[in-house]
Amino acid sequence: MKESYDFKSIEQKWQKVWEEKDLFHVTEDESKKKFYCLEMFPYPSGKLHMGHVRNYSIGDVVARFKVMNGYNVLHPIGFDSFGLPAENAAIKNGSHPAVWTSSNIAEMEHQLRQMGFSYDWDREVCTYKEDYYKWMQWIFIRFWEKGLAYKKENPVNWCPSCATVLANEQVVDGCCERCGAVVTKKKLSQWYLKITDYADRLLDDIDKLEGWPEKVKTMQRNWIGRSEGTEVDFTLKDSGIKMTVFTTRVDTIYGVTFMVISPEHPLVDELIKGYPQEEACRAYIEQAKRQTDIERTSTTKEKTGQFTGRYVINPATGKEVPLYLADYVLMGYGTGIVMGVPFGDQRDFEFATKFGLDIIPVIDPGRDDIDIDNLTAAFEAEGTMINSGKYNGLNNVEAIKRMQEDFGAQGFARNTTNFKLRDWLISRQRYWGCPIPMVYCDDCGWVPEKDENLPVLLPTDVEFTGKGESPIATSKTFVNTVCPRCGKPAKREVDTMDTFLDSSWYFLRYCDASNAEEPFSRKKAAYWMDVDQYIGGVEHAILHLLYSRFFTKVLYDIGMCDVEEPFRNLLTQGMVLKDGSKMSKSLGNVVSPEEIINRYGADTARLFILFAAPPERELEWSDKGVEGSYRFLGRVYRLIYDLAEDTKGIPAVFRVETDDDRQLNRILNTAVKRVTDDISKRFNFNTAISAVMELVNEMYRYKSLDDVNLGLLRDAAEKLVLLLAPFVPHICEEMWEGLGFNEPVYKQPWPQYSEDALAMDTIEIVVQINGKVKEKLNVAAGLSKEEFTQTVMSDDRVKALTEGKNIVKAIAVPDKLLNLVVKG
RNA sequence: GCCGGCGUGAUGGAAUUGGCAGACGUACCGGACUCAAAAUCCGGCGGUGGCGACACCGUGCGGGUUCGACCCCCGCCGCCGGCACCA
């Protein structure tokens, strides 16, 4: 141990030692409790940014803490390395995406090692490599066999700038999640995964995710969007065609005054043919088509529509009502036809108002402040049924049940559930992704490639122009093949998979990363799964986290893994800000981790980022704060350096004799307790670190006293190093060695605290008069309520305070306070 | 519009869940060391009034519950996320 804190040589030295000792390598060990600590793997964009540093620093504290607490810890890392940026770089530089990707990975691996994260590098997973995407394809074929993958022509979200289709989840406010271009609609034949088959389970099992933030669970619930209701068959007048609607409010069926059908509905063409309104209808359909999703779905937009000339018969009342086209009805949800109840639905209310349609009150709110004959908005709350035939007088919620039963028995209605969740569109018209291992044969249709022929390799003879669709189609060697079933000439699928498939099971591959026989062994996955702690950005709340849950359930169902939910506990870390806004190149407020590592070292970077804010909150970057963290490490280093000398050969056994001894010992034990609790129960690393700072301050104070107990100081020094080890591992290894130990601090048992040491003989308590603090006194700790009150009341200063006053009441909280309620 | 979250000194944030508001850090001020500076060590630091012991005010705003409220309840305001014509 050198006299001054030379972070550069210390960090290099210990990173080398860790690597040589292969310290972070783990294997399955049935004799130990396992802990799977996982951080979301990065996209290899080139260099680490502060968001990565924060994410991985948090994970590293947890992983190292669990190791010290005796767990067998799996802490892996890899790269989510297919995707558009590599392809764009290839177009720009004329090189292959693999070149760009692998050099970026090399750079980022180097930086991750520089940060001193405790990864088992032997398990590194890179999704662009053949040994990974082979199994991706293999899994895709299992989905196909289960009927969970299909190809279908549909209007899809198309990003003109990325020249590819997008999943619903990737469209944000009508724009491309990646590039921000306005998304258009295009009719294309595309591959889908049937995530909707799992909608119920994905929704119901959210309740089991006790270790997830409420916010993320709510977002997933909303996204899946289950709503239970009734399908009711209306009938088209003069034709008998069934016009089925979905409603959650069947109780308002007597209030139906019109019907609305989506302009894209396949029935529309037939409905309008030959009617006087046909031409107007066709014009309306055309203009609806021209609108973007943003225009179309804006709630502020005034309702538009067009009467079709047709009428529909209400099966409950026998009444006929006019049928309109209106673009506020979405083809993709429910049946694409809606019963119009202006009384009970705000959208229908606006529509009826605009087109002069009747509003029939069907529920009596029983309130004076609402005039149901002159509504200004729809009435959407509960009440008593009116104008509804034999249902009059019932509570409307009760009426829903009765109507469902009655209408069901009469054969024109049934209970149904609808979801907002759509099937997952997974084909992408891009090169740099996992090829979809399907072959089209004129005789056999779509056939999966044989397992023994996997992987279907990405061809290398492809032109990157960035213009055409599906670059793989330009390969001369790829497309033509033979049908895996009948052997006749056939063509391969030229689209690649959405990269979100790659990241939907990588956590399983980590359990058995080099398996050449299967994606992962069930036994090894059974040992490690589920992930005990998952850490990453909240931006993945729906996309990645929902898809991974879906994959895990499917793999569970086909007997490949033993858990139904992949992530037991989830921590979503906040963003790193500079000057109040997100670090970004365009704002020019980026602080690079590299810069900080070179100037202050990895330990300082880690410490600052953990100390500046609790992990879930946003973190405001502060250069001054970084310096403070650096100063603190220097302060600790000097303290241990001195104590290593002063306490050489002195065992960490001691007697606590003086008041100062007791105080140091108490603060030491408090620090152990707080750091332990703050890491394991609350993830409040900032307060954990502040407890250590208090200990350091106290050690400096104690050290300068005349009468010091070196055994006690020795004990404090050792525990101090152990407490800091998960946060700042390099400096702690150095100090641990400096204290004379040979084994790495990484493997040391976590320090324990003693309850006795935490206890104080006397405690400063507060005396309040009418809730205001008036006096502080020291009294013996651990008194009963009566003894406590007695002791405090008999104190002269308290007597003086209450002199001549009438004590109405005394509230005693032993060891804390006595509040006297006085009058006069 | 609906659903979350947040609002505390100059500043990042504490207050382990109803019991001393402002821990710890930054900034700032002062002292020690130094020829000097840096580094380091020690001390001060919510506001107003007072030489002072002390008094009053103070956790976005207005009410309430309670002996006691940053914390619980009601009504607002502001900021940040997410969802949004889902029938």
Side-chain angles (χ1 to χ4, degrees), chain A residues 4 172-173 213-223 225-227 229-230 245-249 252 260 262 296-301 303 326-330 332-341 344-348 350-351 418-421 538-539 541-542 574-575 580 607-608 611-614 616-629 631-632 634-635 638 673-674 677-678 681-682 684 686-694 696-697 700-701 704 764-776 808-813 815-822:
Chain A
S4 68
V172 180
D173 293 332
E214 221 35 66
K215 175 183 177 161
V216 175
K217 292 198 276 187
T218 306
M219 283 168 73
Q220 290 210 357
R221 284 193 190 101
N222 290 343
W223 188 261
R226 177 161 69 192
S227 69
T230 318
V245 301
F246 173 76
T247 179
T248 53
R249 291 295 305 278
T252 62
V260 212
S262 168
R296 167 110 181 232
T297 59
S298 157
T299 38
T300 53
K301 195 187 102 173
K303 296 278 174 293
D327 64 2
Y328 78 90
V329 178
L330 307 172
Y333 186 79
T335 62
I337 310 175
V338 169
M339 62 183 210
V341 185
D345 183 284
Q346 185 57 27
R347 294 155 299 179
D348 297 347
E350 287 165 21
F351 192 83
N418 258 300
F419 294 92
K420 283 200 238 180
L421 185 70
V538 75
E539 65 273 18
I542 293 171
M575 282 195 303
L607 186 72
F608 168 72
F611 179 60
E616 307 229 48
R617 270 212 243 175
E618 291 179 334
L619 182 148
E620 174 67 33
W621 185 266
S622 149
D623 294 330
K624 289 288 181 190
V626 176
E627 270 180 55
S629 293
R631 265 206 294 272
F632 172 69
R635 194 166 148 83
R638 284 187 299 277
K673 179 174 162 57
R674 280 187 52 191
D677 290 351
D678 284 350
K681 294 182 187 158
R682 317 195 307 158
N684 280 8
N686 54 333
T687 51
I689 293 164
S690 75
V692 178
M693 287 172 169
E694 284 175 69
V696 171
N697 291 343
Y700 267 96
R701 187 195 71 88
S704 68
E764 189 186 61
I765 63 98
V766 168
V767 182
Q768 297 179 334
I769 305 284
N770 294 339
K772 289 202 170 185
V773 181
K774 291 288 173 182
E775 196 62 70
K776 296 177 181 183
V808 182
K809 206 172 172 187
I811 294 102
V813 184
D815 297 348
K816 283 229 167 85
L817 60 77
L818 185 77
N819 186 19
L820 300 169
V821 186
V822 303

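This one's a predicted model, so the numbers in the text were calculated from it and none came from an experiment. Throughout, protein chains are lettered first and strands after them, A, B, ... in sequence-line order, and every chain is numbered starting at 1. Only this structure's heavy atoms are used, side chains among them; waters, hydrogens and symmetry mates stay out.
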Review point. For RNA chain B, what is the dot-bracket line, given that a base pair needs Watson-Crick (N1 to N3, plus N6-O4 or O6-N4) or G-U wobble (N1-O2 and O6-N3) geometry with both distances under 3.5 Å, and | means paired with another strand?
Key: (((((((..(((......[....))).(((((.......))))).((((....))))..(((((..]....))))))))))))....
Assess whether one donor atom and one acceptor atom, taken from the side chain of [X] and the base of [N], lie less than 3.5 Å apart.
{"X": "Lys303(A)", "N": "C85(B)", "answer": "yes"}
{"X": "Asn222(A)", "N": "C83(B)", "answer": "no"}
{"X": "Lys809(A)", "N": "C67(B)", "answer": "no"}

What integer number of Å spans the [atom1] atoms of [N] and [M]?
{"N": "C2(B)", "M": "C74(B)", "atom1": "P", "answer": "16 Å"}
{"N": "A10(B)", "M": "C6(B)", "atom1": "P", "answer": "23 Å"}
{"N": "G78(B)", "M": "C24(B)", "atom1": "P", "answer": "37 Å"}
{"N": "C76(B)", "M": "G22(B)", "atom1": "P", "answer": "33 Å"}
{"N": "G46(B)", "M": "C70(B)", "atom1": "C1'", "answer": "15 Å"}

Check your understanding: Mind telling me whether U11(B) is syn or anti, cutoff 90° either side of 0?
Key -> anti
Point to revise | Anti or syn - G9(B), cut at 90° from 0 | key: syn
Would you indicate which nucleotide in [options] comes nearest to any side-chain atom of [X]?
{"X": "Asn697(A)", "options": "G25(B), C67(B), C85(B)", "result": "G25(B)"}
{"X": "Val338(A)", "options": "C85(B), A87(B), G19(B)", "result": "A87(B)"}
{"X": "Lys624(A)", "options": "A27(B), U40(B), A87(B)", "result": "A27(B)"}
{"X": "Ser227(A)", "options": "A87(B), C24(B), U26(B)", "result": "A87(B)"}
{"X": "Glu694(A)", "options": "A23(B), U26(B), G19(B)", "result": "A23(B)"}

Heteroatom pairs (N/O) under 3.5 angstrom, protein to nucleotides 57-60 of chain B:
{"residue": "C57(B)", "atom": "OP2", "partner": "Lys772(A)", "partner atom": "NZ", "Å": "3.0"}

Exercise for review: Going 5' to 3' through nucleotides 9-16 of chain B, assign each nucleotide B (protein heavy atom under 4.0 Å from a base atom), S (under 4.0 Å only from sugar-phosphate atoms) or - (no protein heavy atom that close).
Suggested key: ---SSSSB
